[in-house]
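Worksheet: the structure to be examined is printed underneath.
All values reported here derive from a predicted model rather than from experimental measurement.
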2 protein chains.
Amino acid sequence: MAKTGDRARTKAASALGSLDFALDRGSPVPLYHQLAQQLEAAIGHGVLAPGNLLGNEVDLSVRLGLSRPTVRQAIQSLVDKGLLVRRRGVGTQVVHSQVRRPLELSSLYDDLEAAGQGPATEVVRNEVVPAACDVAAALGVPEGSEVTVLDRLRLTHGRPVALLRNYLPVPLLDLDSARLESTGLYRVMRSAGITLHSARQTVGARAATAQEAARLDESAGAALLTMRRTAYDDTGRPVEYGTHLYRASLYTFDFQLLVRP
Amino acid sequence: MAKTGDRARTKAASALGSLDFALDRGSPVPLYHQLAQQLEAAIGHGVLAPGNLLGNEVDLSVRLGLSRPTVRQAIQSLVDKGLLVRRRGVGTQVVHSQVRRPLELSSLYDDLEAAGQGPATEVVRNEVVPAACDVAAALGVPEGSEVTVLDRLRLTHGRPVALLRNYLPVPLLDLDSARLESTGLYRVMRSAGITLHSARQTVGARAATAQEAARLDESAGAALLTMRRTAYDDTGRPVEYGTHLYRASLYTFDFQLLVRP
DNA sequence: AAGTGGTCTAGACCACTTT
DNA sequence: AAGTGGTCTAGACCACTTA
């Protein structure tokens with residue numbers, strides 16, 4: 001029988017034979033995360049090409065001086081991201097897809113991401129009003145209680161792309177219009193100590209009214225994308241409700257889905 | 001000092017003190033999955049109410065006769081689903097949200113889910129054609145090579161809601177129009193041994209052409225929701241490309257997002 | 001039969017939060 | 001100071017795939 005220590009290459013040459021991973025045990029970054037980052041970088045750079053096998057987890061853990069559960073945790077995080085696929089009895093492979101770096105799951109950050117392509121925001125309205133029925137229901141406050149309403153016009157390359165309307169519980173934070181023109185709402189909320197946790201979105205479409213068309217530089221009756229979103233913090237309390245309009249000619253939602261096993 | 005065996009209730013009475021979990025070690029279902037299912041059921045039934053603490057992981061593992069990593073794996077899966085929140089130094093709580101059972105992430109299965117509300121499909125076209133430019137690019141086949149094109153009209157409650165157009169690589173499977181009228185495309189693919197793994201979607205809007213309007217029982221120029229989707233199997237190979245049209249007056253996309261920590 | 005990932009254990013130490 | 005989750009270890013046995 002082969003000795004345990006004999007780790008000559010098995011049938012499938014592991015694609016990362018010469019790859020060296022620099023793990024810093026003194027770093028506050030967990031080891032499994034360091035490993036995951038470096039694996040992801042290797043995939044991103046093409047060092048690990050689609051279809052390549054990773055080599056079995058036991059050898060890998062020995063080579064890296066880690067325990068197998070730690071190596072598994074790193075690999076699992078990339079499987080969850082859709083970069084790797086595991087097959088029992090076969091091995092772990094780099095996924096074989098054309099869409100290598102997809103848009104994450106995002107779309108919660110669409111406002112912020114848009115900032116990469118010519119950001120501009122105009123705060124049209126920022127005041128406290130009594131909550132209407134739908135707003136009260138979404139935010140979980142009594143109807144008629146005070147909420148902040150925020151209307152913004154978002155532009156890219158000097159052209160209007162979206163009308164954003166948001167409602168927030170008043171006690172949450174005070175909204176500085178100036179700051180809101182230079183950054184996204186979520187960034188403002190985050191720096192106020194509000195950590196977003198989940199959101200529920202509904203995307204639809206309808207024709208523009210004359211007034212909407214005028215603001216968005218479209219003709220009346222043009223198709224608009226609509227989005228309603230309620231966002232929740234850590235504890236599940238609603239912290240924001242928004243009803244937004246996007247010019248369909250300039251904007252689409254795209255996202256990647258992973259099928260849970 | 002308190003003895004180790006002393007597991008009288010600590011400061012926060014664990015909400016599942018009297019809950020009994022039936023774990024079957026003989027079952028092929030993993031223990032962590034059995035535990036996760038029963039926790040999820042307890043949350044669903046309201047036995048574990050929002051805000052309730054779960055009790056610390058060490059005690060829990062002792063009570064259940066499991067190791068702590070196994071208990072953690074069960075809890076983690078529910079955290080990933082958005083049902084639980086962990087806080088270091090505090091504990092694990094049932095999330096405090098109004099939207100308890102959201103639509104999963106779904107939307108890949110929208111066709112199938114729709115079957116719950118008055119399903120009907122009419123196969124309008126099912127034939128082999130040479131691949132156009134965009135189709136070839138999406139499916140990763142040479143332009144002009146043969147692909148199957150499938151046009152379907154989807155109705156609910158007797159009214160048309162969507163025009164679905166799908167392209168598939170020919171060698172993949174042969175599509176039985178009769179079966180496609182009684183179930184969804186993905187179900188047919190699945191029973192042919194094709195396991196979907198991920199998909200990339202783009203949602204937009206535009207006005208209906210006269211022909212589209214006629215088919216969908218809308219007036220010309222009405223706002224339609226558009227969806228383009230490419231779906232991939234385990235290995236990352238594209239297995240389906242679809243361009244769909246939905247009546248915005250009858251259909252919206254909704255989904256839940258979780259923010260990655 | 002050999003090799004792979006899937007599951008599970010029984011500990012350990014650390015970082016963070018609350019009292 | 002006490003209690004919590006976060007990380008990590010060094011093994012073990014099993015189920016599945018391939019040859």
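When side chains are defined from C-beta on, B/L84 counts as touching B/I43, because their heavy atoms get closer than 4.5 Å. Counting heavy atoms from C-beta outward, B/Y232 and B/H197 have side chains that stay 4.5 Å or more apart. Side-chain contact between A/V147 and A/V135 is present, with heavy atoms from C-beta onward closer than 4.5 Å. In this structure, the side chains of B/R228 and B/Y241 come closer than 4.5 Å at one or more pairs of heavy atoms. Looking at heavy atoms from C-beta onward, A/V170 lies out of side-chain contact with A/L168 at the 4.5 angstrom threshold. For the pair A/E40/A/L83, a side-chain contact is recorded, criterion being any heavy-atom separation below 4.5 Å from C-beta on. You'll find the side chain of B/L54 reaches within 4.5 Å of the side chain of B/L48, heavy atoms only.
Using modelled atom types, one finds a donor on one side chain and an acceptor on the other under 3.5 Å when comparing A/E240 with A/Y186. Looking at B/Q76 and B/R86, their side chains do bring a donor and an acceptor atom within 3.5 Å of each other.
A residue-by-residue look at A/E57 and B/V29 shows that A/E57 has its nearest nucleotide of DNA chain C further toward the 5' end.
Checking C/dC8, C/dA15, D/dT7 against the side-chain heavy atoms of B/L31 singles out C/dC8 as nearest. Here the side chain of A/L66 is nearest to one of D/dT7, C/dG5, D/dT9, namely D/dT9. Out of C/dG6, D/dG6, C/dC8, the shortest distance to the side chain of B/R86 is found at D/dG6. With D/dC8, C/dG6, D/dT18 as the candidates, the nucleotide lying closest to the side chain of A/Y32 is D/dC8.
Distance, B/L64 CG to C/dC8 P: 13 Å, rounded to whole Å. Taking atom CD of residue B/Q34 and atom P of nucleotide C/dG6, one finds them 18 Å apart after rounding to whole Å. In this structure, the CG atom of B/L54 is 8 Å from the P atom of D/dG5, given to the nearest Å. A straight line from CZ of B/R25 to P of D/dA15 spans 14 Å, rounded to a whole angstrom. Counting to the nearest Å, the C1' atom of D/dG6 and the CZ atom of B/R72 are 6 Å from each other. Rounding to whole angstrom units, CD of residue A/Q93 and P of D/dT17 are separated by 14 Å. Regarding B/I75, its CD1 atom lies at a distance of 12 Å from the P atom of D/dT4, rounded to whole Å. Atom CD of B/Q73 is separated from atom C1' of C/dG5 by 13 Å (rounded to the nearest Å).
Taking B/T70 as the reference, B/L31, B/Y32, B/L66, B/S67 meet the side-chain contact (heavy atoms from CB on, under 4.5 Å) condition, with sequence neighbours excluded.
Proximity of B/T70 to the phosphate of C/dT7: no side-chain N or O atom is located under 4.0 Å from OP1 or OP2. Note on A/N56: a side-chain N or O is less than 4.0 Å away from OP1 or OP2 of C/dT4. Residue A/T92 places none of its side-chain N or O atoms closer than 4.0 Å to OP1 or OP2 of C/dT4.
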Each nucleotide N or O in nucleotides 11-13 of chain C that has a protein N or O under 3.5 Å away: list the pair and distance.
{"from": "C/dA12", "atom 1": "N6", "to": "B/R68", "atom 2": "NH1", "distance (Å)": "3.3"}

Quick one: the dot-bracket string of DNA chain D, using Watson-Crick and G-U wobble pairs with both distances under 3.5 Å, [ ] for crossing pairs and | for bases paired to another strand. ||||||||||||||||||.
